[in-house]
Amino acid sequence: MRHRKRSKHAKQTMAMAIALIGALALLIVLACSRVFIIRDIMVVGNRSLLSEEVITQSGVSIGDNLLSISTQQLRENLERNRYIEYRSHSFDYKGRLTITINERLGRAVVNVLGLYYVLDASGMVLECAGSAYPAGVAGPYVVGLSIPSNAQVIVGETLPVRDRSQLDAMEQVIAGLDSVGMLATASELSVKNLDNLYYTTSAGVKVELGNLSSLHTKLLIAREVLALREADEGVTGAKIDVSSGTSAHYIPAVLPTVTPVPTATPTVNPSRSPGA
């Protein structure tokens, strides 16, 4: 009899303990759900895109629970817009969700089968401009890319090339030009030969870079030479070779004419007649 009472009491105690644990768990879940409510959304990394556009694209709204947001889904939502590259997101104690993106910008132009395409620095195709060269692209016209004749260029995808290292070189040179403030003045970039990269400025100067080694230093040297020469003389058609990475070799469009030095006309002494 006593054993039955003890067993019944133990079961009641266990049931109460389970109920108490359940209630505590429910309170914790409810508390956490309030803690992770999104009260504000901030976008970092956008330039021309409005923050509201990025937030709408993300699919996240104020009042959503952070725990219900999948990183993969957030990335997919954002990158449906080809101008957005998802980087990260974070959440602080104030309830602010910060979405960090990289806004893809038109940094290069290529021509494939008579059509002009705008690329970002990495080679993603952002727009097809048709048969007219696109205006407003802060970057060079890129030549020398090896593109298969049967390749299909698709907006929103990376430009199809035989050699990915050509796109890598394009990206590095564009980033380098941007870092030294010369991207806007680069009119054409050749990546046909990775050991003989060069670009042409809008003033008509050919800058020979050689390979990618010491690229930043080469561009700094070229910038200084351009600044000096543009102040002193016309540079259209000139060439600057910075491929050594340590110095520049400047060749003007027109080499200076060598002024001939006057010399005396040689005379032949008359031969003396025999017996003279």
Side-chain angles (χ1 to χ4, degrees), residues 35-110 116-129 134-142 153-161 164-186 189 191 199 212 215-216 219-220 223:
V35 168
F36 291 105
I37 291 296
I38 296 172
R39 296 176 174 82
D40 185 27
I41 304 174
M42 182 172 71
V43 178
V44 175
N46 55 318
R47 298 186 187 182
S48 59
L49 289 171
L50 297 176
S51 294
E52 290 75 13
E53 293 180 78
V54 178
I55 293 170
T56 300
Q57 187 69 41
S58 73
V60 180
S61 303
I62 291 175
D64 289 350
N65 192 309
L66 180 70
L67 301 178
S68 68
I69 298 174
S70 159
T71 299
Q72 182 62 30
Q73 188 61 53
L74 182 59
R75 180 192 300 274
E76 290 178 2
N77 288 348
L78 288 168
E79 294 188 353
R80 286 194 182 100
N81 182 331
R82 59 184 176 276
Y83 287 92
I84 299 175
E85 179 185 10
Y86 168 83
R87 287 291 178 83
S88 65
H89 70 276
S90 60
F91 189 75
D92 64 22
Y93 70 94
K94 294 181 180 179
R96 171 181 290 172
L97 175 68
T98 301
I99 301 173
T100 303
I101 67 167
N102 173 47
E103 183 177 339
R104 300 182 187 275
L105 300 172
R107 287 292 190 238
V109 177
V110 297
Y116 290 100
Y117 294 91
V118 179
L119 312 179
D120 77 345
S122 70
M124 174 177 279
V125 182
L126 299 178
E127 299 288 346
C128 175
V137 178
Y141 175 56
V142 180
V153 180
I154 300 174
V155 173
E157 296 186 7
T158 300
L159 185 73
V161 293
R164 173 69 207 191
S165 60
Q166 287 187 316
L167 288 183
D168 294 338
M170 179 190 80
E171 183 172 14
Q172 290 186 57
V173 174
I174 288 175
L177 288 167
D178 194 24
S179 71
V180 298
M182 296 198 298
L183 182 59
T185 59
L189 167 64
V191 294
Y199 78 95
L212 290 169
L215 179 62
H216 186 69
L219 292 172
L220 287 175
R223 186 180 69 180

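In this chain, numbering begins with 1 at the start of the sequence shown.
Counting all heavy atoms, side chain and backbone alike, Val118 lies closest to Gly106 at CG1-CA, 3.7 Å. Taking both residues in full, the closest heavy atoms of Arg223 and Val180 are given as NH1-O, 3.1 Å, listed atom of the first, atom of the second, then distance. What you find for Ile84 and Glu79 is that their closest heavy atoms are O-CG, 3.5 Å. Nearest heavy-atom pair, Met170 versus Ala121, reported as atom, atom and distance to 0.1 Å: CE-O, 3.3 Å. Pro140 approaches Leu183 most closely through the heavy-atom pair CD-CD1, 3.9 Å.
Of the inter-residue distances, the one linking Leu74 atom CG with Leu97 atom CG reads 7.5 Å to the nearest 0.5 angstrom. One finds the CZ atom of Arg82 at 11.5 Å from the CD atom of Glu157 (value rounded to the nearest 0.5 Å). Atoms OG1 and CD1, from Thr98 and Ile41 in turn, are 10.0 Å apart once rounded to the nearest 0.5 Å. Taken to the nearest 0.5 Å, the CD1 atom of Ile99 stands 7.5 Å off from the CD1 atom of Ile69. Atom-to-atom distance recorded for Leu105:CG and Leu126:CG is 8.5 Å, nearest 0.5 angstrom. The distance from atom CE of Met124 to atom CD1 of Ile154, rounded to the nearest 0.5 Å, is 11.5 Å.
Looking only at atom types and distance, the side chain of Gln172 has no donor-acceptor partner in the side chain of Asp168 under 3.5 Å away. A side-chain donor-acceptor contact under 3.5 Å links Glu76 and Gln72.
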Worksheet item: Given Leu159 and Tyr117, is the side-chain contact (heavy atoms from CB on, under 4.5 Å) satisfied, shown in steps?
Response: CA-CA 9 Å; Leu159 185 73; Tyr117 294 91; 5.6 Å; no
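Applying the salt bridge (Lys or Arg N to Asp or Glu O under 4.0 Å) test to residues at least two apart or on different chains, the pairs with a partner in residues 90-104 are Asp40-Arg96, Arg104-Asp120.
Considering only residues two or more places apart in sequence or on other chains, Glu171 meets the salt bridge (Lys or Arg N to Asp or Glu O under 4.0 Å) condition with none of them.
You'll find the side chain of Asn81 stays beyond 4.5 Å of the side chain of Glu53, heavy atoms only.
By the 6.0 Å contact criterion, CZ on Arg47 is open, its count of non-hydrogen atoms from other residues, nucleotides or ligands being 12 or less.
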